[in-house]
Structures are given as structure tokens and as C-alpha cells.
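Written below as C-alpha cells is the structure these notes are about.
Count residues from 1 along the sequence. What you see is a predicted model; the values in this text were computed from it and never measured.
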Amino acid sequence: MIDRLRIPEPWRRFGGTAWPFPLALLLLVASFLPALHNNGTQLGGMPDRPFDALAVVAIALQCLPLAVSRRWPLLCLVLVMLGFTVDQLQGYHSLAGTALPVALLNAGFRLERYRGATTLLLSLAYVPLALVLFRFGSGETPAGFVMFYIALVLAWVLGTWLRSVRAAEAERRRRVAEDTRTAERTRIARELHDVVTHHVTAMVVQAEAARYLTAAPDRLDQSLSAVTDTGRQAISDLRHLLDLLNPDHGAETATPMAGRILPLVEQTRRAGQPVEFVEEGTPADSAGSAGFVAHRVVQEALTNALKHAHGSPTSVEVHHGEEEITVEVGTDGPGTPAGAPAGSGRGLAGLRERVDALGGDFTAGRRADGGFAVRARIPVEGRP
């Protein structure tokens, strides 16, 4: 519950550094204005007394410590209480008495150590002050002393509450920052997985095939050219990904690969995978993240086909609708392993997260004929 609380803006400024000195100066000047003499806090009913040298000391003790209240909250509170005691016992009743609840509020907000002991000692110190004022003063009832004590306690409690809310807010901000960093690291890892795994898998498959083509120079040259082209494409995609991770990079190029499904198919074919490609409809310019996710689905599915079903007939079907993009990539059989490193399982899980984030549907699993199929329904711009 407390982590949902927010400090209102006026109270938020209380924790700043600008208020102590101006407030101390204001109270000091106001306390010496003749029109405000004997118009401050009155506890115990002591008769009013004209200001003298001791009044100057009492007022100074109550006002000036506020200037250092941020750095030394306990010292400030003790000095203010001492000045307030002199003020009330002598009957000055100066406006400087207003500094006491302020000092209590500040101490409750800033005091780091000995909070319980401070509360106990200050409460005990109030008892003899009340007894002396009750004995020598007039007009103050025991209930009045109790009410004044409760008012002081409320000032301390308010400062403590502000402290707890500030701590909760700082913890919330820390958690948000940590969650943001984690999400960003996950996103970067996912993007690197999608880009690197696809291109490296294709290069490994192409290089493995080139080992058996030494007797056919023309085909060997084509295979090595395919490896080179794949490597260049990997460098280009990695550069683009690093650009996207740059905070100063423009958002207008955030999804440049959204319509580049055919090059993925051609690259997979050059790696020796028979792929049948069917694309219906025209990719919308405003598809946004949906087009990008569709590209990633095809990319990961073809990468897995190369890894786990090399040489098996593969089909890619993409349908661009007004409301959604549907993608289906399937293999007809298990094929033969390509010799590429085993996957971590992150790819399909990442695809599911991407599609779910847009409100779509994603399935991946074995087909009845022994093949494997990946299907995705991706709403355009997150529309259902």
C-alpha cells in the first residue's frame, strides 16, 4: 500500500535544500516586529513580558538553528526546544515559537539514527516544562498541556510519514530502473539472437556444403560466394541493430526489415534448403511492429529448419491483411542435422513474447506427418 503513495509537490519541496535559511531569516525578522510582540505560541499562561536581551537569545535559539536543520536535524531540534523553553518560561511568547513544530517535522523527516531514543528523551523533557509552567503560570489546564504535546507528536509523526513515503518512492524508482534495465538487456539479447543465429547458421551450412564441392569448382565458387554474401548481410544487420540501440538514433528506421522476407527465403535456398514461398497481399506501410515481428517469425523458423531439418522441403506462407498478418512456416520431415550449434530454446520463446505483446497468437510444434510448423497471427498495430 505504501509504495503507491506519492509525496504531494508542496511537501516534496520540504526535502529540498532551499527552504531552511529563508525560513529562519523570515521568523527571525518577524519575531522582532513590534506589532507581533507577544503574539506567538502561548503555553502555560505565563504573563506577557517585554522583550529584553534574554528575549533576543531565546528568539535566536529558536530561529537560527533552522538554517542548519538539514545537516544537523537533532542539534537543531535541541536548540529550538531550549529557546522555546526560555521563551515560554519568561513570557515572551514570540512568533519564533513557530520554529518548534517545524524542527520536529524536520527531525522526523531527516534523523537517521537514535530515533526511538530521541522520541523518548524529548517526551520526558516536556514533562518538567509542563509542570513548571502549570505551577507558576495561570490559565492553562492539564488538558491544554496534553493537547499541545499531541500537536508536537503529530508534527514528528508527519515528518516520519514523509520519510517513509520518500523511502518507498525511492525503492519504487529503483525497482522500475532495474526492471527497465532487465527488459532492455532481454530485448538486446533477443535481437542479437535473431540476427546472429540466422546468419551464422546459414554460413555454417554453406561452409559444410563447400567441403564436398572441391571437385566442382563452379559450385564451390557459388557456395563460397553465398557464405560471403551471408557474412556481409550479417554485418549489415548487426550495424543496423547497434544503430537502433543508440538513443540518438531516429525512430523512423526502427523496422527496416519488416518487408524483407523474400531475401530471407533466398538466403536459405542458397544454403541448400528447398523453400517454397507464397506471399499474399501487399505489406502495409503502416504495419509498424507487426511487419517487423512477421519478419522475425520467418527468420527464426527458417533458421530452425536449417538446423534441424536440413534438406527437407520447407514452405513459407505469408498473408498480409488489413487487420493482421498471418505467417506459417513448415517442414515436411525431420531432414538431417546441419552441424550447426544446438539452440538454446530462446528463439521460439522470444517469438511468442513478441507476438503476445501485439495481442496475437503463436504456436510451434510437430505436425502429424512428422514435420514441424510455426504459425503466427499478428494484429497490425496491436489491433485484435
Side-chain angles (χ1 to χ4, degrees), residues 179 182-198 201 237 241 244 251 254-265 267-268 273 275-309 312-335 342-384:
D179 292 343
T182 301
E184 186 65 13
R185 286 195 295 265
T186 301
R187 185 179 73 87
I188 293 172
R190 188 168 57 197
E191 296 293 341
L192 287 174
H193 172 276
D194 291 344
V195 172
V196 174
T197 302
H198 175 76
T201 299
D237 288 349
L241 178 59
L244 293 182
T255 58
M257 294 182 288
R260 287 173 44 188
I261 294 179
L262 182 58
L264 288 175
V265 174
Q267 184 184 58
T268 307
Q273 187 81 356
V275 181
E276 179 183 355
F277 178 49
V278 177
E279 187 172 22
E280 299 178 352
T282 303
D285 295 335
S286 60
S289 298
F292 181 73
V293 173
H295 176 277
R296 289 303 195 203
V297 170
V298 174
Q299 184 181 59
E300 180 64 22
L302 290 179
T303 300
N304 289 338
L306 277 175
K307 282 184 180 180
H308 308 295
S312 179
T314 303
S315 63
V316 177
E317 298 180 8
V318 180
H319 175 73
H320 300 276
E322 294 182 359
E323 299 291 333
E324 63 185 22
I325 301 174
T326 58
V327 177
E328 181 172 352
V329 181
T331 56
D332 292 342
S344 63
R346 179 183 294 144
L348 292 179
L351 291 182
R352 189 181 305 279
E353 291 176 4
R354 291 179 188 273
V355 175
D356 289 346
L358 296 180
D361 301 315
F362 178 84
T363 58
R366 291 287 178 185
R367 301 193 309 196
D369 60 2
F372 195 88
V374 174
R375 300 180 179 89
R377 181 188 66 84
I378 309 164
V380 174
E381 295 298 324
R383 293 194 300 267

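In terms of heavy atoms, Arg377 sits closest to Thr326 at CG-CG2, 4.2 Å. Pairing each heavy atom of Ala376 with each of Val355, the nearest pair is CB-CG2, 4.3 Å. Here the closest heavy-atom approach between residue Thr268 and residue Leu264 is recorded as OG1-O, 2.8 Å. Among all heavy-atom pairs drawn from Gly360 and Pro379, the shortest one is CA-CD, 3.4 Å. Smallest separation of non-hydrogen atoms from Ser312 and Asp332: OG-N, 3.6 Å.
With a 4.5 Å cut-off on side-chain heavy atoms, Phe362 and Leu351 count as touching.
For the pair Glu317 (side chain) and Gly330 (backbone), a donor-acceptor distance under 3.5 Å is absent. The backbone N or O of Val275 sits nowhere less than 3.5 Å from a side-chain atom of Thr314 that would complete a donor-acceptor pair.
Separating the OG1 atom in Thr363 from the CZ atom in Arg352 is a distance of 7.5 Å, to the nearest 0.5 Å. From Asn304, atom CG reaches atom CD of Gln299 across 11.0 Å, with rounding to the nearest 0.5 Å. Expressed to the nearest 0.5 Å, how far CD of Glu280 lies from CD1 of Ile325 amounts to 13.0 Å. In this structure, OG1 in Thr303 is found 9.5 Å from NE2 in His308, a value given to the nearest 0.5 Å.
A donor atom on one side chain and an acceptor atom on the other are not found under 3.5 Å apart for His319 and Glu328.
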Check against salt bridge (charged side-chain N to carboxylate O under 4.0 Å, His left out), Arg375 and Asp361: CA-CA 8 Å; Arg375 300 180 179 89; Asp361 301 315; over 6 Å; no

